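In this text the structure is predicted, and so the values were computed from the model without any measurement. Every chain is numbered from 1 and lettered A, B, ... according to where its sequence line falls, protein lines coming before strand lines.
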Amino acid sequence: MEHIIEELRWRGLIHQTTDEEGLTRLLSEKMCTVYIGFDPTSDSLHVGNLVALMVLRRFQRAGHRPIAVVGGATGMIGDPSGKSEERNLLSPETIADNIAGIEPQLRRFLDFRCGGNSALLLNNYDWMGKFGYLEFLRDVGKHFPVNVMLAKESVRNRLERADGGMSYTEFSYMLLQAYDFVYLHDHYDCQIQAGGSDQWGNITAGIDLARRLRGVQLYGITCPLLTRADGSKMGKTESGAVWLSPHKTSPYQFYQYWINVDDADVGKCLKYLTDLDRAQIEQLLQEHGSNPQQRIAQRRLATELTRLVHGEAGLQIAQQATQIFFGGEIGQLTGEQIEAIFADVPSTQLPRSLLDPPGLPVVDALLAVGLVKSKSEARRLISQGGAYVNNRMVASQDATLGQEDLLAGAAVVLRAGKKNYALLRLA
RNA sequence: GGGGGGUUUCCCGAGUGGUCAAAGGGGUCAGACUGUAAAUCUGAUGGCUCUGCCUUCACAGGUUCGAAUCCUGUACCCCCCA
């Protein structure tokens with residue numbers, strides 16, 4: 001087994017470490033406990049969190065114990081790191097809901113039942129919540145020189161902005177996260193904190209605090225952000241972030257996001273985000289390079305990640321949907337499969353009796369599901385060869401739908417152009 | 001307060017009595033090409049009970065066989081003079 005640090009290094013996952021030599025030694029001496037915090041700012045994690053999730057997973061696979069901390073307490077304050085403006089406070093109820101959404105997602109990446117290095121899932125509200133303000137100021141605040149805090153990038157950036165400034169609340173955020181590290185050290189023997197590169201300031205604050213309070217040496221490691229070759233952040237589409245929750249981003253959309261990753265970025269994604277080892281990735285990239293149009297690397301990336309995030313069943317649906325949405329025959333699908341595959345597609349319900357002879361004109365059906373704005377537009381579409389029923393081109397403007405067009409006895413798939421789908425349910 | 005110019009279909013913009021559902025461009029949609037990319041090319045782009053019919057050119061009224069185009073009034077916008 002390769003040393004975890006070497007592994008992370010070849011994958012490009014090390015942005016900075018506080019003491020690489022010491023860290024490497026520590027990690028080879030014994031089972032270590034590593035923690036990463038996750039902000040409950042939404043009810044789902046997103047693609048931007050994947051790097052951190054995979055880093056924890058890698059630590060666990062290398063025999064160490066991962067702790068995922070959800071920020072029930074810190075989320076109430078708001079981490080100013082990387083944010084250009086003061087954030088709105090989330091209500092305690094929202095945070096509780098968000099944590100409930102995030103927890104099961106974290107569980108997919110880590111093993112919670114594997115003996116000594118089983119993962120832990122903790123909520124920092126459990127220890128921060130009962131801290132009194134005066135105690136906190138005396139026990140924690142006293143150890144933070146304001147001049148050092150002011151020098152932190154997360155603070156400085158904000159203060160330098162013309163429209164800048166930040167509240168005392170956000171200013172004190174780093175004390176909370178710093179204390180988390182100390183707490184985890186005290187109670188779980190946690191010596192390492194990992195995080196995105198924007199967490200450097202918060203991590204080092206924790207290390208400093210531990211040194212002052214306990215006289216111990218803790219370690220920090222940050223990972224690069226997942227960016228594209230052009231420098232933009234990954235995980236964003238025109239329609240917003242790519243989420244891990246199937247309710248916010250369907251398995252199909254998730255799968256497609258990775259299929260569409262640029263050639264220039266696919267190697268990095270494989271290294272950052274999959275369990276594939278070095279030999280596998282290198283071979284994959286080589287195969288891909290000699291035959292890029294097949295998108296071998298992207299397919300594998302999408303497969304690995306969709307399976308990890310949505311499970312085998314989610315992957316199946318995503319792949320079936322891909323086949324269908326890219327011209328494949330809509331074969332014998334069950335009603336359930338149709339529901340899952342067309343989950344993203346707008347649907348309209350009409351009475352089933354419309355399919356009785358003489359049938360429902362396709363023109364009317366296209367209008368009813370909203371694929372066209374008028375019947376004229378529908379006729380135009382058909383005459384240009386852009387209208388499809390169950391993925392078969394509609395040949396005539398006079399075509400009608402009958403009972404025989406029903407899929408699984410319940411629905412008809414209509415399509416305008418290459419990728420505009422709508423589901424017509426007949427009940 | 002006086003004088004002049006303007007308001008066109010999703011946007012810009014032509015059109016000054018019939019050949020106008022209205023040039024051209026943009027956008028959008030479809031097709032071809034392609035690696036589910038970009039670019040390019042082709043076609044379409046008010047509605048309908050569609051070889052025809054109906055409704056659109058700021059709004060209301062009028063002239064005329066016939067108006068986006070002429071006249072009157074109303075609203076809004078721009079410019080010049082005081």
Side-chain angles (χ1 to χ4, degrees), chain A residues 47 227-240 242 249-270 284-306 314-330 341-346 354 357-401 413-422:
Chain A
V47 162
T227 54
R228 270 187 274 263
D230 64 8
S232 62
K233 262 192 206 172
M234 285 202 73
K236 292 268 191 279
T237 63
E238 310 82 46
S239 45
V242 180
T249 299
S250 72
Y252 167 72
Q253 290 170 330
F254 184 83
Y255 182 84
Q256 282 294 316
Y257 179 78
W258 300 108
I259 287 282
N260 282 313
V261 163
D262 201 273
D263 287 357
D265 301 319
V266 74
K268 189 193 219 175
C269 289
L270 284 166
L284 206 51
L285 288 176
Q286 199 186 342
E287 281 176 40
H288 178 78
S290 59
N291 219 349
Q293 67 277 17
Q294 294 206 353
R295 294 171 176 262
I296 296 168
Q298 282 90 341
R299 279 176 211 284
R300 188 63 187 273
L301 175 68
T303 300
E304 293 290 325
L305 280 172
T306 308
L315 174 63
Q316 290 246 330
I317 289 296
Q319 290 183 330
Q320 276 176 340
T322 295
Q323 214 179 3
I324 286 168
F325 289 140
F326 289 90
E329 277 285 311
I330 298 186
I341 290 170
F342 294 98
D344 304 327
V345 159
L354 287 172
L360 176 66
V362 173
V363 167
D364 291 344
L366 288 168
L367 183 63
V369 298
L371 284 175
V372 295
K373 288 199 288 294
S374 70
K375 291 188 191 180
S376 297
E377 202 178 314
R379 292 194 190 90
R380 215 179 287 138
L381 189 69
I382 293 173
S383 71
Q384 293 182 136
Y388 297 78
V389 169
N390 296 334
N391 263 6
R392 296 214 171 119
M393 193 195 284
V394 177
S396 153
Q397 297 189 6
D398 304 321
T400 57
L401 296 177
V413 175
L414 296 168
R415 175 180 145 204
K418 285 208 195 308
K419 50 193 166 194
N420 302 307
Y421 281 83

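- Heavy-atom minimum distance, A:H288 versus A:A297: ND1-N, 3.5 Å.
- Each of A:S374 and A:Y255 was assigned the nucleotide of RNA chain B with the nearest heavy atom; the assignment lying further toward the 5' end belongs to A:Y255.
- Taking atom CG of A:L371 as the reference point, atom C1' of B:A30 lies 13 Å away to the nearest angstrom.
- Relative to the side chain of A:N420, the nucleotides B:A30, B:U36, B:A37 differ in distance, and B:A30 lies closest.
- Base pairing of B:A23: no nucleotide in any strand meets the Watson-Crick or G-U wobble criterion (both distances under 3.5 Å).
- If you check B:G35, B:U36, B:G43 against the side chain of A:Q298, the one that comes closest is B:G35.
- Within 3.5 Å, no donor on the side chain of A:Q384 pairs with an acceptor on the base of B:G31, nor the reverse.
- Residue A:K418 places at least one side-chain N or O closer than 4.0 Å to OP1 or OP2 of B:A32.
- Distance noted for atom P between B:U55 and B:G6: 29 Å (whole Å).
- Nucleotide B:A68 has no partner under the Watson-Crick or G-U criteria, as no pair reaches both atom distances under 3.5 Å.
- A close approach under 4.0 Å does occur between a side-chain nitrogen or oxygen of A:K375 and OP1 or OP2 of B:U49.
- Here A:D263 lies in heavy-atom contact (under 4.0 Å) with a base.
- Between the CZ atom of A:R415 and the C1' atom of B:C29 there is a distance of 14 Å, given to the nearest Å.
- Distance check on atom C1': B:U16 versus B:A23 gives 15 Å, rounded to whole Å.
- Positionally, the nearest nucleotide of RNA chain B for A:Y388 lies more toward the 5' end than for the other of A:Y388 and A:V261.
- A:L381 contributes atom CG, which lies 8.0 Å from atom CG of A:L371 (distance to the nearest 0.5 angstrom).
- In this entry the distance linking CH2 of A:W258 with C1' of B:G35 reads 19 Å, nearest Å.
- With hydrogens and angles disregarded, no donor-acceptor distance shorter than 3.5 Å links the side chain of A:R299 to the backbone of A:L301.
- Look at CG on A:D262: it is 13 Å from C1' on B:U36, rounded to the nearest Å.
- Between the side chain of A:Q256 and the base of B:U36, a donor-acceptor pair under 3.5 Å is found.
- Among the protein residues, A:S376 comes within range of the nucleic acid bases, having at least one heavy atom under 4.0 Å from a base atom.
- With a 3.5 Å ceiling on both atom-pair distances, the Watson-Crick or G-U wobble partner of B:U7 is B:A75.
- Base pairing annotation: B:U56 forms no Watson-Crick or G-U wobble pair, as no partner gives both donor-acceptor distances under 3.5 Å.
- Atom name C1', nucleotides B:C79 and B:U69: the rounded distance is 24 Å, in whole Å.
- In this structure B:U63 sits in no base pair that meets the Watson-Crick or G-U test at under 3.5 Å.
- We find that CG of A:D265 is positioned 13 Å from C1' of B:A37, with the value rounded to whole Å.
- Here the separation of B:G73 from B:U63, taken at their C1' atoms, is 15 Å to the nearest Å.
- The pairing partner recorded for B:C33 is none, the criterion being a Watson-Crick or G-U wobble arrangement whose two distances lie under 3.5 angstrom.
- Distance CG (A:L367) to C1' (B:U49): 15 Å, rounded to an integer number of Å.
- Using Watson-Crick or G-U wobble geometry with both donor-acceptor distances under 3.5 Å, B:G17 finds no partner in any strand shown.
- In this structure, A:L414 CG and A:N390 CG are separated by 7.5 Å, a value rounded to the nearest 0.5 Å.
- If you take CG of A:L366 and C1' of B:A30, they are 13 Å apart, rounded to a whole angstrom.
- Comparing B:C12 with B:G61, their P atoms are spaced 27 Å from each other, to the whole Å.
- With both ends at atom P, the span from B:A32 to B:A68 equals 40 Å, rounded to whole Å.
- Close to B:C48, at under 4.0 Å from its OP1 or OP2, lies no side-chain N or O of A:R380.
- Taking atom P in both B:U28 and B:A39, one finds a spacing of 10 Å when rounded to whole Å.
- Rounded to a whole Å, the CG atom of A:N260 is 13 Å from the C1' atom of B:A38.
- Other residues, nucleotides and ligands place more than 12 heavy atoms under 6.0 Å from the CD atom of A:E287.
- Separation of the P atoms belonging to B:A58 and B:A14 is 14 Å when rounded to the nearest angstrom.
- Within the 4.0 angstrom heavy-atom criterion, base atoms lie near A:I259.
- No side-chain donor-acceptor contact under 3.5 Å links A:Q298 and A:D262.
- Using a 4.0 Å heavy-atom distance criterion, A:A416 is classed as a sugar-phosphate-only contact.
- Judged purely by atom type and a 3.5 angstrom limit, A:D265 has no side-chain atom pairing as donor or acceptor with the backbone of A:V261.
- Nucleotide B:U28 is matched to B:A44 when pairs are restricted to Watson-Crick or G-U wobble geometry with both distances under 3.5 angstrom.
- With rounding to the nearest 0.5 Å, the separation of CG in A:L315 from CD in A:E304 is 9.0 Å.
- Note on A:N291: every side-chain N or O is 4.0 Å or more away from OP1 and OP2 of B:G35.
- Nucleic acid contact for A:T322: base, since at least one base atom lies under 4.0 Å from a heavy atom of the residue.
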